[in-house]
Amino acid sequence: MIDSDPIYGRAWVFGDEINTDTMAPGLYFKEPIEVMARHCLEAVDPEFAASVKPGDIVVGGSNFGVGSAREQAAMAFRELGVGAILARSFSRIFYRNAINFGLPLLTLPADAEIRAGDLLEVDPVGGTIDNTTLGKRYAVEPIPAHLMTMIDAGGLLPWLKDRYAKPQKF
Amino acid sequence: MAQTLVQKIIARAAGQDVARCGEIVTCNVDLALLLDSGGPRRIWPRLKELGAGVWDPDKIVLMTDHFVPAVDAQSAAILKLTREFACHFGIEKFFDMKGIGHVVLAEQGLLQPGMFAVGGDSHSTNGGAFGCYMAGFGAIEMTGVVVTGQIWLQVPETIRVDWFGEFAKGVVAKDMSLYLCRELGMDNAFRAVEFGGETVRSMGMFERMVLTNMAAELGAETGLVEPDDITLEAIRAAGVEPAADALEWRSDPDAVYLARHEFDAARLVPQVAAPHRPSNSGPADDYCDVAVDQAYIGACVGAKHNDLQMAAEVLQGRKVAPGTRLLVAPSSQQTMALAAADGTLATLVEAGATLLPTGCGACAALGAGVLAEDEVCISSTNRNFQGRMGANSSRVYLASPYTVAASAVMGRIADPREFL
């Protein structure tokens, strides 16, 4: 879940319009998330799912997560231990899904310079990205305040648990 | 304060007089569409975890479309669980194997102008053709809706797209959508797109649904068409009386739009979107040297009754080229019945088409019609992302049913105007 601690990790850099069909391929759609995650982005980078380390940071171009509503696209990154996703822009449903799973997404400024393998330090609440390899710091829009209440609760599910759980038949 | 249609619907759903763009509001949901894909199989375990039930079974519509008919034990289990969910929670609006959810919603007259509706599938934007707000959300958020009946939104700005002039022969709504993906781009997140102008006004609901369906490819929150007599006729045809205030759901004349675009439908030619993105579109003529292994008429966007009729118009008295296969998956059982009754299915089958069951199927590599490595498909569906319809090296070109059918006859991508 998102918390106020900074996230450190190595950058995995992808291009524009990386879509949800490549993150959670239809061919594995009925498989559990552990299986599906092993195929995450294989059409774009066959090494990614096998080589990404917990805490690593995915960096995309414009419209990251374009495509379907499948939440497994966001879940796959969490399953792989990705610490944060940075992109020039995000697709709407992917953005909402990722935040709801406690995966921090931050929008990169146009001048941000990040290369594959650069070491990054990301502060989602303070709104900064440090490229420690290049010694550059970028200011970004922090996670919006209205989402912080949910995030403080630990994500959408715990937030619901606090507020709406009531005895029902099962 | 002057408002666009989407602002008015959101304001009403949030219990406010106005909804200002950028404002964050919590809306009461009038209708929630759950599908077998991201519905009960993902939501039910979370309800158990929460110890919560469903907020209002009458406002939930449940359909099976992604995994029907079951092709293996996994899909069979998903469908079984979906049916049990309907029974357990008393979901009366459960449509099992009746067709693709977005199309069945319209057939059943479940959408009304001014409604605030959400769906667990990105092409839920389809419903906006009825002048309602309808947008797609992930299963985690649909869980929240199912429990609370509410969802938060940031009120979107609206882009207005007006079309004028008459289509040339062989040019249809799908060509508009592919053209718009190129012109407006696919990065319109958290914006609504409102379609209008005389061309859109003269279009039937099936064509309008193509525009709003592919608002998803524009990346938009939703796509909308202001309601008119054609909208009301479609609701009545489904056996439902339109809401008394239906025609009042319009944008104010002085509403502020983020941008306004005007396009000339008369100048539009048949479009093809090349791999691997819907915005990679251009005139069909530019792709006439591309040989196709598979031609596919299917999906919510591309296999309604009129879509099958388009294909039949091209295929009447012609045959699918040797070495090419044409697969047709009607988008609903009602479509299937209408196309059977008027001879459309017979024309398709006589031309050599293989008829597939109703459902999402090959569009998302979930059912019959999956592509092998390096195969090329021309498809009346809405997405051609890498691996979307099968193997990673397969290539999908998007086009109208006219263009798909013409390409099936030629065995390579073809401009349908020569066939009409």
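We use all heavy atoms of the structure for the numbers below, so side chains are in, but hydrogens, waters and symmetry mates are not. In the text below, chain A, chain B and the rest are named by the order of the sequence lines, each starting its count at 1. Just so you know, these numbers come straight off a predicted model, no measurement behind them.
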For each of [options], tally heavy-atom pairs with chain A at distances under 4.5 Å, and name the one with the top tally.
options                              : result
B/Gln74, B/Met389, B/His66, B/His123 : B/Gln74
B/Ala216, B/Gly219, B/Gly38, B/Ser75 : B/Ser75
B/Arg191, B/Arg42, B/Glu217          : B/Arg42
B/His276, B/Glu221, B/Gln154         : B/Glu221

What part of A/Glu31 is in contact with chain B, defined as an atom under 4.5 angstrom from a non-hydrogen atom: side chain, backbone, both or neither?
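A/Glu31 touches chain B through backbone and side-chain heavy atoms alike.
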Contact part of A/Tyr95 toward chain B, heavy-atom cut-off under 4.5 Å: side chain, backbone, both or neither?
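Only the side chain of A/Tyr95 comes within 4.5 Å of chain B.
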Which pair of heavy atoms, one from B/Phe89 and one from B/Gly53, lies closest together, and at what distance?
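Closest approach of B/Phe89 to B/Gly53: CE2-CA, 4.2 Å.
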Which atom pair, heavy atoms only, marks the closest approach of A/Asp21 to B/Arg383?
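Heavy-atom minimum between the residues: OD2-CD, 4.3 Å.
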Decide, yes or no, whether a salt bridge links [X] with [Y] under the criterion of side-chain N to carboxylate O below 4.0 Å.
X        : Y        : result
B/Asp187 : A/Arg88  : no
A/Arg38  : A/Glu34  : no
A/Glu121 : A/Arg137 : no

So for [X], is it side chain, backbone, both, or neither that comes closer than 4.5 Å to the heavy atoms of chain A?
X        : answer
B/Ile140 : both
B/Arg41  : side chain
B/Leu153 : both
B/Arg388 : both
B/Ser279 : side chain
B/Asn188 : neither

At what distance, to the nearest 0.5 angstrom, does CE of B/Met63 lie from OG1 of B/Thr82?
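Result: 13.0 Å between the selected atoms.
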First locate atom CG of B/Leu178, then atom CG of B/Leu398, and finally report the distance between them rounded to the nearest 0.5 Å.
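If I round to the nearest 0.5 Å, the distance is 6.0 Å.
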Geometric class of the A/Phe94/A/Phe77 ring pair [parallel <30°, tilted 30-60°, perpendicular >60°]:
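Ring orientation of A/Phe77 relative to A/Phe94: perpendicular.
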Could you check which of A/Asn19, A/Leu27, A/Ile93, A/Asp16 has the highest count of heavy-atom pairs closer than 4.5 Å to chain B?
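The candidate making the most pairs under 4.5 Å is A/Asn19.
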Counting heavy-atom pairs closer than 4.5 Å to chain B, which one of A/Gly67, A/Gly26, A/Ser62 comes out on top?
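Ranked by heavy-atom pairs under 4.5 Å with chain B, first place is A/Gly67.
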Kindly confirm or rule out a cation-pi arrangement of A/Arg70 over A/Tyr28, judged by NZ or CZ under 6.0 Å from the six-membered ring centre and within 45° of its axis?
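Cation-pi check for A/Arg70 and A/Tyr28: fails.
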